Amino acid sequence: MMAETVIIGGGIAGLSLASELAVRRGSGDGIILVEAENALAHHTSSRSAQQLIPSYGPEPVLELTRLTIPDLVTPTYAAPVPLAWPSPFVVAGSPADVAAMTVPGLRTLSSDALFEYCPELSDNAERYQSAIIDESAVRTDATALVEWHRRRAEHAGVQIRTGARVTAAQRASGDAWVVTAGEEQLTARTVVNAAGAWADHVAEFFGAAPQQLQPLRRTAALVSLNEPLGPTHPMVDDAASGWYYRPDEDGAMISWGEAEPSPACDAQPHPGSIEELIETVERETSMRVTGVRKAWTGLRTEAPSGIPVCGWDPQASNFLWLAGQGGYGFQTSSALARAATDVLVGGQIGGWLSAETVTALQPQPATE
Ligand SMILES: Cc1cc2nc3c(=O)[nH]c(=O)nc-3n(C[C@H](O)[C@H](O)[C@H](O)COP(=O)(O)OP(=O)(O)OC[C@H]3O[C@@H](n4cnc5c(N)ncnc54)[C@H](O)[C@@H]3O)c2cc1C
């Protein structure tokens with residue numbers, strides 16, 4: 001089968017690129033997305049906190065986030081449900097711990113104002129003396145967003161293959177690739193590596209420069225509470241320890257906020273981890289957990305710089321990286337899809353992104 005572009009990976013990265021590229025080209029003909037699992041977004045993209053925080057991350061991530069949020073709040077292609085809506089983000093703790101996490105533009109909250117937003121912290125006034133709020137943060141519905149990209153891509157003619165794991169690649173004539181995906185051999189002029197935690201592994205098939213990507217575990221749960229937090233309650237991050245919670249239906253999503261190195265795999269919570277997290281939440285707040293609806297672990301995959309990797313591989317021609325999104329894969333998704341599309345269509349990222357960010361995104365040469 002002949003293709004113009006094969007995208008490897010059916011998470012938010014691969015799907016948002018498929019939909020953006022198809023719309024930009026005016027057709028999805030010749031674009032094939034291959035996903036190893038039998039369902040799309042089986043790995044990290046179905047395991048996130050679904051928050052887009054313009055004050056969270058290194059500067060290139062902040063710029064990509066600022067550019068992504070408007071695309072999700074007011075999508076140009078019909079969305080049957082809202083893709084994003086306001087959802088403030090609060091960091092609370094000691095003055096020193098909160099100050100360490102402050103970036104310009106955030107509003108400081110007095111403890112009275114904090115306890116008005118978050119009455120469940122008011123019994124622990126000694127720990128929560130100080131807070132900052134990012135009122136420009138938004139929540140996304142990750143399932144709806146992934147589905148929105150799938151529909152937009154397929155409507156334009158993109159072919160999506162699930163159960164099609166890439167296991168080998170070789171050069172075809174010219175600079176094209178022959179990619180083995182499941183039972184199929186796909187010949188493509190360009191290949192995009194959006195394989196999440198497996199991106200360095202996939203790169204080996206193509207002789208591309210490894211980006212030293214490290215998958216990092218993060219565990220979370222959806223719990224029921226004795227008293228709901230209310231839909232406008234902010235997401236709250238404990239400045240000292242990094243655990244966090246946010247409202248979810250009649251309960252909350254809670255997470256350790258940890259970053260524990262892991263091989264690429266279908267990660268699962270360590271035994272006892274959710275119980276310990278619930279103990280912590282109940283010790284530090286007045287929230288009382290009445291049940292666990294779902295618990296999971298996902299892999300946030302980072303390059304050593306902590307900045308996503310988006311650009312041509314320095315040694316394997318016609319091989320584009322779209323990986324290393326770490327904990328920012330949703331909040332940077334539209335801008336990164338636009339950047340990757342620029343490269344595929346015109347050879348380089350356009351002037352809408354700062355030169356510093358464009359440089360920071362470039363894949364690194366292989367080290368000895
Ligand atoms: C607990 C937690 C909370 C998070 N919270 C947020 C948040 O609030 N906001 C935010 O922006 N981000 C958040 N993230 C990060 C975000 O979820 C990720 O950055 C994003 O999902 C990564 O998307 P991806 O498409 O790169 O990876 P994935 O979703 O993992 O997709 C990669 C896909 O590639 C496929 N693949 C791998 N190898 C092959 C192969 N050989 N052939 C074919 N397919 C292959 C995999 O099966 C997988 O489906 C969070 C992550 C976690 C774990």
Side-chain angles (χ1 to χ4, degrees), residues 6-18 32-54 56-57 61 64-65 68-69 72 84 87 89 137-140 142 145-146 149 160-169 179-182 186 191-206 213 215-222 235 237 244 246 253-260 262 264-267 269 295-302 308-310 321-334 336-337:
V6 165
I7 300 170
I8 303 171
I12 185 62
L15 284 162
S16 52
L17 172 61
I32 302 178
L33 182 148
V34 292
E35 164 54 49
E37 303 290 347
N38 291 325
L40 295 170
H42 173 79
H43 288 287
T44 313
S45 295
S46 56
R47 307 179 192 202
S48 86
Q50 310 180 48
Q51 196 83 10
L52 285 68
I53 307 172
Y56 176 53
V61 167
L64 293 163
T65 304
T68 294
I69 286 178
L72 272 54
S87 173
F89 174 66
V138 304
R139 260 280 282 296
T140 187
L145 182 59
V146 160
H149 282 303
I160 295 181
R161 311 262 212 277
T162 52
R165 183 179 300 279
V166 170
T167 51
V179 180
T180 306
L186 304 170
V191 169
V192 181
N193 182 4
W198 290 267
D200 264 345
H201 174 65
V202 162
E204 278 180 40
F205 300 138
F206 296 83
L213 296 170
L216 299 163
R217 291 169 56 89
R218 180 160 288 190
T219 296
L222 288 181
M235 178 172 184
D237 189 87
Y244 63 81
R246 64 151 172 80
M253 179 204 158
I254 58 176
S255 171
W256 274 123
E258 83 279 28
E260 182 191 330
S262 164
C265 64
D266 190 359
W296 69 90
T297 298
L299 299 178
R300 301 153 80 249
T301 298
E302 283 187 5
V309 183
C310 178
W321 285 87
L322 182 56
Q325 292 87 343
Y328 319 113
F330 282 92
Q331 69 179 49
T332 59
S333 56
S334 293
L336 280 177

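Every number for a ligand or one of its atoms is a count from 1 in the order of the listing. Every value quoted in this text rests on a predicted model; they were computed, and no experiment measured them. Worth knowing before you read on, the calculation uses all heavy atoms, side chains too, and leaves out hydrogens, waters and symmetry mates.
Within the structure, no pair that satisfies the side chain to side chain donor-acceptor pair (under 3.5 Å) test touches residues 192-206, not counting sequence neighbours.
Here the side chain of Ser45 pairs a donor or acceptor atom with the backbone of Ile12 at under 3.5 angstrom. The backbone N or O of Gly324 lies less than 3.5 Å from no partner atom in the side chain of Glu302, so there is not a single donor-acceptor pair.
A donor and an acceptor atom, one from each side chain of Thr219 and Thr297, are located under 3.5 Å apart. Side-chain contact check for Gln51 and Ser87: at least one donor-acceptor pair (N or O, by modelled atom type) lies under 3.5 Å.
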Please tabulate, line by line, the atom pairs linking an N/O of ligand 1 to a protein N/O at a distance below 3.5 Å, with the distance in Å to 0.1, or answer 'none'.
from     : atom 1 : to     : atom 2 : distance (Å)
ligand 1 : 5 (N)  : Ala49  : N      : 2.9
ligand 1 : 8 (O)  : Gln50  : N      : 3.4
ligand 1 : 8 (O)  : Gln51  : N      : 3.0
ligand 1 : 8 (O)  : Gln51  : O      : 3.2
ligand 1 : 9 (N)  : Gln51  : O      : 2.7
ligand 1 : 11 (O) : Gly329 : N      : 3.4
ligand 1 : 11 (O) : Phe330 : N      : 2.8
ligand 1 : 11 (O) : Gln331 : N      : 2.8
ligand 1 : 12 (N) : Gly327 : O      : 3.0
ligand 1 : 17 (O) : Thr44  : O      : 3.4
ligand 1 : 19 (O) : Gly326 : O      : 2.8
ligand 1 : 19 (O) : Gly329 : N      : 3.0
ligand 1 : 21 (O) : Ser45  : N      : 3.4
ligand 1 : 21 (O) : Ser45  : OG     : 3.0
ligand 1 : 23 (O) : Ser45  : OG     : 3.2
ligand 1 : 25 (O) : Ile12  : N      : 3.2
ligand 1 : 25 (O) : Ala13  : N      : 3.1
ligand 1 : 26 (O) : Gln325 : OE1    : 3.4
ligand 1 : 29 (O) : Ser45  : N      : 2.9
ligand 1 : 29 (O) : Ser45  : OG     : 2.5
ligand 1 : 30 (O) : Thr44  : N      : 3.3
ligand 1 : 30 (O) : Thr44  : OG1    : 3.4
ligand 1 : 41 (N) : Val166 : O      : 3.1
ligand 1 : 42 (N) : Val166 : N      : 2.9
ligand 1 : 44 (N) : Ala36  : N      : 3.1
ligand 1 : 47 (O) : Glu35  : OE2    : 2.6
ligand 1 : 49 (O) : Glu35  : OE1    : 2.6
ligand 1 : 49 (O) : Glu35  : OE2    : 3.1

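In terms of heavy-atom proximity, Ala220 sits nearest to Met253 at CB-CE, 3.5 Å.
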